[in-house]
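Quick note on labels: first sequence line is chain A, next is B, and so on, each numbered from 1.
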Number of protein chains: 2
Amino acid sequence: MIETVDAGVAAERTSVLLIDDDARIRQALGLALDDEGFTVEAAASGEQALTMLRDNDVDVVLLDLTLPGVDGLVVCRTLRARSDLPIIIVSARSDSGDIIEGLEAGADDYVTKPLDAGELAARIRALLRRRRPAVGEAGRRFVLGDVEVVPDEGVVRKAGVEIHLTRTEFRLLVELLSAGGRVVTREALLQHVWGYDYLGDTRLLDVHVRRLRRKVETDPDEPCLVLTVRGAGYKVARG
Amino acid sequence: MIETVDAGVAAERTSVLLIDDDARIRQALGLALDDEGFTVEAAASGEQALTMLRDNDVDVVLLDLTLPGVDGLVVCRTLRARSDLPIIIVSARSDSGDIIEGLEAGADDYVTKPLDAGELAARIRALLRRRRPAVGEAGRRFVLGDVEVVPDEGVVRKAGVEIHLTRTEFRLLVELLSAGGRVVTREALLQHVWGYDYLGDTRLLDVHVRRLRRKVETDPDEPCLVLTVRGAGYKVARG
DNA sequence: GCGAAAGCTGACGATTGTTTGACGATGTGG
DNA sequence: CCACATCGTCAAACAATCGTCAGCTTTCGC
């Protein structure tokens with residue numbers, strides 16, 4: 001089943017930036033979080049951290065407050081001013097005043113040392129749940145000729161103007177687009193768009209392709225976006 | 001006509017639901033959080049809490065784990081299944097295992113007793129910052145065709161003149177506007193506008209959409225602002 | 001060319017989802 | 001206690017979408 005391949009938006013590991021000046025802690029936490037399924041980058045100072053944030057994709061920041069040079073809280077505020085990245089302060093100072101100050105500086109959570117890596121991981125995960133509309137297939141967008149498809153928004157535009165597709169038509173189109181120009185067999189289409197193993201009239205597919213073409217093609221009688229592959233199935237034209 | 005004014009009360013206090021079976025704690029925390037600027041509702045059991053959530057507007061839930069009857073973690077999972085309300089577990093159990101379990105049950109934060117009210121307040125505020133995709137705290141303003149909506153003031157104007165929406169209509173409209181043109185499923189609307197686990201007649205939604213259109217659309221029979229997405233839900237037209 | 005297989009097409013009920021007006025319950029203010 | 005606003009429910013009307021069919025056209029091997 002070829003379909004599965006493309007759907008494989010492989011679960012990317014979450015990347016954590018650990019800012020701590022103590023090498024042993026960087027080492028220990030790094031290993032522990034790695035075990036928990038995170039990729040850990042480490043920085044020993046605020047400056048270094050800011051540089052790394054510019055160059056790397058980071059999902060969460062772990063910030064120690066006692067840093068050499070710039071104060072941890074200042075780093076926190078700077079980070080927060082630049083992005084809305086989740087920040088967890090990891091600090092040895094454990095009294096309420098410090099915690100309040102840290103949270104008020106823009107941190108999302110504050111954990112005190114000594115800390116349990118499992119707990120930290122759980123807190124990171126809890127925070128990530130809140131991140132963005134964690135839409136499954138985020139940010140996908142297809143362009144096919146003068147047609148633009150945004151699966152997340154359920155929107156299709158032709159030459160810039162929004163056109164309306166029915167649910168079936170929409171799924172059919174996305175299914176074809178997902179194959180990126182390769183042929184999708186009739187069977188596969190029936191299976192994916194209609195579900196399980198469809199048994200009814202197989203003309204069903206033709207009919208819907210036609211309805212789709214009517215809306216999507218500039219000249220429905222001379223399709224150049226959704227193409228028939230005789231004896232096999234359908235495909236979309238290659239970009 | 002309190003409803004009108006109430007529709008979009010400016011600077012509404014954040015409402016906290018405190019679930020704890022110990023009356024003294026309810027009393028003490030209630031007072032302390034009140035000082036911090038929160039409105040506190042209290043429930044002594046999970047069942048009571050669920051009822052209150054149906055009837056009241058709550059922004060955050062504080063949940064004690066040791067409840068009579070149903071286990072706190074179960075309450076937590078139930079809440080989470082029904083809504084994405086911020087949940088902070090407040091518990092006497094302080095070991096990592098418990099904390100991990102709590103966070104994994106869907107809680108956003110876990111604080112241990114004895115606790116400092118100031119810290120708790122700071123954690124609540126930190127959590128609220130993360131709330132919802134982009135609930136810009138203040139100064140939100142939507143424009144939809146010739147309709148202007150100012151959530152903070154609870155005011156809706158059409159072609160410059162103020163029109164009156166009932167509370168439900170107002171929330172419905174804001175909910176749709178917040179999605180910025182994306183489709184909002186019927187489910188999501190029922191959940192966000194009506195409450196956590198609305199079970200009644202689902203025609204309810206249609207009826208209110210209609211009433212909303214009557215007031216908002218220039219030609220209610222040909223809606224061009226609040227659009228139906230058959231089989232899915234509703235959306236507002238894109239600006 | 002011919003005929004069969006594969007695909008295309010327009011039309012037509014059936015189904016499902018939405019709209020609509022009306023009604024009764026509830027709550028608030030006069 | 002009445003008048004009014006708002007809400008939730010219902011049933012009938014309406015509309016979009018779907019699946020099916022029967023006839024037509026294209027393609028391709030012979």
Visitor: Whole angstroms only, please: what is the CG-C1' distance between A/Asp206 and C/dG10?
Guide: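 The answer, rounded to whole Å, is 14 Å.
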
Visitor: Counting side-chain heavy atoms from C-beta on, which of C/dG10, D/dC7, C/dG21 comes nearest to A/Arg214?
Guide: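 Of all the options, the side chain of A/Arg214 is nearest to C/dG10.
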
Visitor: Check whether any side-chain nitrogen or oxygen of B/Trp194 sits under 4.0 Å from OP1 or OP2 of D/dC7, and answer yes or no.
Guide: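 No, B/Trp194 has no side-chain N/O under 4.0 Å of OP1/OP2 on D/dC7.
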
Visitor: Take atom NE2 of A/His164 and atom P of D/dA16, then tell me their distance rounded to the nearest Å.
Guide: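 Atom NE2 in A/His164 sits about 9 Å away from atom P in D/dA16.
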
Visitor: Take a 6.0 Å sphere around NZ of A/Lys235 and say whether it holds more than 12 heavy atoms from other residues, nucleotides or ligands.
Guide: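 No.
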
Visitor: For the side chain of B/Arg186, counting heavy atoms from C-beta on, which of C/dC8, C/dT20, C/dT18 is nearest?
Guide: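 It is C/dT18.
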
Visitor: Output yes when at least one side-chain N/O atom of A/Thr228 is less than 4.0 Å from OP1 or OP2 of C/dG7, else no.
Guide: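 No, no such contact exists.
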
Visitor: Can you check the B/Leu212 CG to C/dT19 P distance for me, whole Å?
Guide: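 It is 12 Å, rounded to the nearest whole Å.
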
Visitor: Round to a whole Å and report the spacing from CG of B/Leu205 to P of D/dT6.
Guide: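 Spelled out: CG on B/Leu205 to P on D/dT6 is 19 Å.
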
Visitor: From the set C/dT19, C/dG7, C/dG17, return the single nucleotide nearest to any side-chain atom of B/Arg230.
Guide: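 Nearest to the side chain of B/Arg230 among the choices is C/dG17.
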
Visitor: Reckon A/Arg210 has a side-chain N or O less than 4.0 Å from the OP1 or OP2 of C/dT9?
Guide: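 So the side chain of A/Arg210 is within the cut-off, an N or O lying under 4.0 Å from OP1 or OP2 of C/dT9.
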
Visitor: Give, for atom NZ of B/Lys113 and atom OG of B/Ser91, the distance between the pair rounded to the nearest 0.5 Å.
Guide: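 The distance works out to 7.0 Å.
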
Visitor: Check whether any side-chain nitrogen or oxygen of B/Thr166 sits under 4.0 Å from OP1 or OP2 of D/dA5, and answer yes or no.
Guide: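 For B/Thr166, the contact criterion (side-chain N or O under 4.0 Å from OP1 or OP2 of D/dA5) is not met.
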
Visitor: Side chain of B/His208, heavy atoms from C-beta onward: which of D/dC7, C/dT9, C/dG21 has the nearest atom to it?
Guide: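 Within the option list, the nearest is D/dC7.
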
Visitor: Mind checking A/Phe170 for me? I need base, sugar-phosphate or nothing, with any heavy atom below 4.0 Å counting as a touch.
Guide: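 Counting heavy atoms under 4.0 Å across all strands, no contact is made by A/Phe170.
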
Visitor: Measure CG/A/Asp221 against C1'/C/dG7 and give the value in whole Å, please.
Guide: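 To the nearest whole Å, that distance equals 14 Å.
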
Visitor: Could you check whether A/Asp108 pairs with A/Arg80 (Lys NZ or Arg NE/NH1/NH2 to Asp/Glu carboxylate O, under 4.0 Å)?
Guide: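 Salt bridge between A/Asp108 and A/Arg80, a charged N being under 4.0 Å from a carboxylate O: yes.
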
Visitor: Between the base of D/dG8 and the side chain of B/Arg211, is there a donor-acceptor distance below 3.5 Å?
Guide: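 Counting by modelled atom types and ignoring angles, a donor-acceptor contact under 3.5 Å is found here.
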
Visitor: Would you find more than 12 non-hydrogen atoms of other residues, nucleotides or ligands less than 6.0 Å from A/Glu187 atom CD?
Guide: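 Atom CD in A/Glu187 is not crowded, with 12 or fewer foreign heavy atoms closer than 6.0 Å.
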
Visitor: Roughly, in whole Å, what's the span from CZ in B/Arg171 to C1' in D/dC7?
Guide: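 So the CZ-C1' distance, B/Arg171 to D/dC7, works out to 12 Å.
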
Visitor: Which residue lies toward the 5' end of DNA chain D, A/Leu165 or B/Lys215, if each is placed at its nearest nucleotide?
Guide: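 The answer here is B/Lys215.
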
Visitor: It should be established whether A/Tyr234 places a side-chain nitrogen or oxygen under 4.0 Å from OP1 or OP2 of nucleotide C/dA6.
Guide: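 False: A/Tyr234 side-chain N/O out of range (4.0 Å or more) of C/dA6 OP1/OP2.
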
Visitor: Keeping B/Arg93 on the side-chain end and B/Thr112 on the backbone end, is there a donor-acceptor pair under 3.5 Å?
Guide: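 Not confirmed, B/Arg93 side chain does not pair with B/Thr112 backbone.
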
Visitor: Considering only side-chain heavy atoms of B/Leu204, which listed nucleotide, C/dA5, D/dG8, C/dT19, is closest?
Guide: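 My answer, after comparing the listed nucleotides, is D/dG8.
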
Visitor: If you look at every strand shown and take non-hydrogen atoms under 4.0 Å, does A/Val207 touch a base, only sugar-phosphate, or nothing?
Guide: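 Answer is base: heavy atoms of A/Val207 come under 4.0 Å of a base.
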
Visitor: Return the CG to CZ distance between A/Asp219 and A/Arg213, rounded to the nearest 0.5 Å.
Guide: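 Here the interatomic distance stands at 11.0 Å.
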
Visitor: What's the CD-C1' distance between B/Glu217 and C/dT20, to the nearest Å?
Guide: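 Checked: the CD to C1' distance equals 16 Å.
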
Visitor: Let's see if you can work this out: which of D/dG8, D/dT6, C/dT9 has an atom nearest to the side-chain heavy atoms of A/Arg203?
Guide: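 Shortest atom-to-atom distance from the side chain points to C/dT9.
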
Visitor: Just the rounded figure in Å: distance from P of C/dT26 to CZ of B/Arg167.
Guide: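 To the nearest whole Å, that distance equals 18 Å.
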
